[in-house]
There are 2 protein chains.
Amino acid sequence: MSNLSTTSDEILASARTLIMNGGYNGFSYADIADVVKIRKASIHHHFPTKTDLVRTLVSRYREDAEAAVAALGQNVQDPFEILKVYADHWASCIEDASRPFCVCAMLASEMPALPPEVAVEVKAFFRFLATWLTSVMERGCKEGSLRLSSEPKVEAEAFMASVHGAMLSARAYGMPDVFGVILTPTLQRLSPTGA
Amino acid sequence: MSNLSTTSDEILASARTLIMNGGYNGFSYADIADVVKIRKASIHHHFPTKTDLVRTLVSRYREDAEAAVAALGQNVQDPFEILKVYADHWASCIEDASRPFCVCAMLASEMPALPPEVAVEVKAFFRFLATWLTSVMERGCKEGSLRLSSEPKVEAEAFMASVHGAMLSARAYGMPDVFGVILTPTLQRLSPTGA
DNA sequence: CCTTACCTACCTTCCAGTAGGAAGGGCGTC
DNA sequence: GACGCCCTTCCTACTGGAAGGTAGGTAAGG
């Protein structure tokens with residue numbers, strides 16, 4: 001059981017990397033086959049269609065994020081610190097090029113061209129992220145750990161947009177540190193001390 | 001001369017729309033041929049390769065933006081108003097689905113998978129936009145029309161990221177008004193009166 | 001003996017791009 | 001003003017390769 005499903009995990013992992021690079025239409029079963037060292041047809045055994053593959057990938061991506069967010073809530077209490085850890089997570093992912101872009105941000109940009117089943121999952125991810133960030137903002141507002149200038153829900157959406165936009169700029173310039181440059185003042189603004 | 005080059009303009013216009021939908025790998029010469037009502041091979045007469053086509057498209061997109069920005073500077077003096085007009089422009093484009101996404105934001109997300117010639121043009125667009133926004137921020141800071149909490153350059157990058165992130169969210173949710181929801185407080189924060 | 005995992009071989013469709021020709025307009029020359 | 005010439009535009013017909021997906025078989029393990 002432990003590494004019986006390794007192949008399908010490898011397929012998902014390589015698909016994730018490929019999507020981060022070029023989006024839904026930017027990779028093929030042949031690309032995955034090259035990486036995983038398996039025949040193209042064998043991928044169809046694990047995921048009958050490309051839609052199945054990406055739907056599963058995004059769905060699991062959200063589940064993983066949900067787990068990570070729950071764990072983060074256990075280890076870090078302060079809402080401001082939580083936002084900082086979240087931003088730092090992406091900063092280092094982009095910096096060391098391990099996960100230079102969020103899969104769902106990537107797919108969201110292609111939304112109108114996505115198979116409906118995949119689009120639904122992407123939407124679900126955005127909703128999950130917004131809901132979580134909203135709860136963090138709400139708690140930070142109550143506890144005085146965050147200084148909000150709008151409703152928590154709006155602040156959450158604005159923060160999420162900043163993160164995604166910063167990713168995009170870092171990629172456009174080919175300068176990973178741009179992400180940090182953009183997010184530092186964004187976090188600063190939310191800090192109760194103003195620094 | 002006036003409408004001699006109409007066909008090549010139509011090709012560029014339809015390519016722009018198609019890229020906004022699905023990105024670089026999300027459209028083909030056949031798709032353009034359907035829209036422009038021309039044979040696939042005829043497109044190659046105007047743009048020998050797909051790379052040529054998109055490079056030209058992005059380059060002209062930047063030129064148009066430069067002209068629009070210059071015109072905006074003539075008609076509107078107040079830096080805060082300029083940012084508002086810029087945001088409103090995109091809000092209405094997204095709202096009426098006429099140009100529901102920025103071509104360069106779309107292509108930037110696919111950066112690593114783009115032909116180098118195209119990637120260069122996309123980078124140039126981002127640099128132009130950042131430079132312009134920085135100059136607006138600088139003037140607004142000097143004149144007191146904008147309240148900045150960081151250096152003009154950083155504020156400009158953050159503002160640009162918010163715009164792009166807001167576009168992404170609007171698309172992900174399938175709710176055009178999300179763009180406005182995110183940008184309203186972003187502008188508010190920059191307003192000298194705080195409202 | 002059945003299921004799982006993987007294979008070879010193949011299909012259809014689509015892709016970017018090429019070859020080569022037809023139609024027509026502009027233009028200089030006789 | 002008619003002829004020949006060329007350039008632009010668009011066409012039909014095609015190529016080689018890559019796309020997603022299928023058919024059917026083999027080997028291993030419970």
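Please read all numbers here as calculations on a predicted model, not as lab measurements. Lettering of chains follows the sequences in order, A, B, ..., and the numbering in each one begins at 1.
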List the atom pairs, donor and acceptor, that lie under 3.5 Å between side-chain atoms in residues 90-109 of chain A and the rest of the protein, sequence neighbours left out.
| residue | atom | partner | partner atom | Å |
| --- | --- | --- | --- | --- |
| A:Ser92 | OG | A:Asp88 | O | 3.2 |
| A:Ser92 | OG | A:His89 | O | 3.0 |
| A:Asp96 | OD1 | A:Ser98 | N | 2.9 |
| A:Asp96 | OD1 | A:Ser98 | OG | 2.8 |
| A:Ser109 | OG | A:Met106 | O | 2.7 |

Next on the checklist: Please list all pairs meeting salt bridge (charged side-chain N to carboxylate O under 4.0 Å, His left out) that have one or both residues in residues 70-82 of chain A, counting only residues at least two apart or in different chains.
Outcome noted: none
Checklist entry - Linking Ile, Leu, Val, Met, Phe, Trp and Tyr through side-chain heavy atoms less than 4.5 Å apart, which residues share a cluster with A:Val154? => result B:Val181
Checklist entry - Does A:Thr7 make a side-chain N or O approach to OP1 or OP2 of C:dC6 shorter than 4.0 Å? => result yes
Would you mind writing out the side-chain donor-acceptor pairs for residues 21-30 of chain B within the sub-3.5 Å range, not counting sequence neighbours?
| residue | atom | partner | partner atom | Å |
| --- | --- | --- | --- | --- |
| B:Ser28 | OG | B:Ala30 | N | 3.3 |
| B:Ser28 | OG | B:Asp31 | N | 3.3 |
| B:Ser28 | OG | B:Asp31 | OD2 | 3.4 |
| B:Tyr29 | OH | B:Phe47 | O | 3.0 |
| B:Tyr29 | OH | B:Thr49 | O | 3.0 |
| B:Tyr29 | OH | B:Lys50 | N | 3.2 |

Next on the checklist: Test of understanding: with side chain to side chain donor-acceptor pair (under 3.5 Å), list the residues that count as partners of B:Arg189, not counting sequence neighbours.
Outcome noted: none
Checklist entry - Should the ring pair B:Phe126 and A:Tyr173 be called parallel, tilted or perpendicular, given that the plane angle runs from 0 to 90° and is split at 30 and 60? => result perpendicular
Item to check | Between C1' of C:dC6 and CD of A:Glu10, the distance in whole Å | outcome: 14 Å
Checklist entry - Think B:His45 has a side-chain N or O under 4.0 angstrom from the OP1 or OP2 of D:dT9? => result yes
Item to check | Under 4.0 Å protein heavy-atom contact, by nucleotide of nucleotides 7-22 of chain C - B base, S sugar-phosphate only | outcome: BBB-----SBBB----
Checklist outcome for this item: Students should find that the hydrophobic cluster of A:Val120, defined by side-chain heavy atoms under 4.5 Å apart, otherwise consists of none
Checklist entry - Under 4.0 Å between a side-chain N/O of B:His46 and OP1 or OP2 of D:dC10, yes or no? => result yes
Checklist entry - Tell me, which of residues 115-122 of chain A have any heavy atom that sits under 4.0 Å from an atom in DNA chain D? => result none
Next on the checklist: Going by ring-ring contact (aromatic ring centres under 6.0 Å, His included), name the pairs with one or both residues in residues 174-194 of chain A, residues two or more places apart or in two chains.
Outcome noted: none
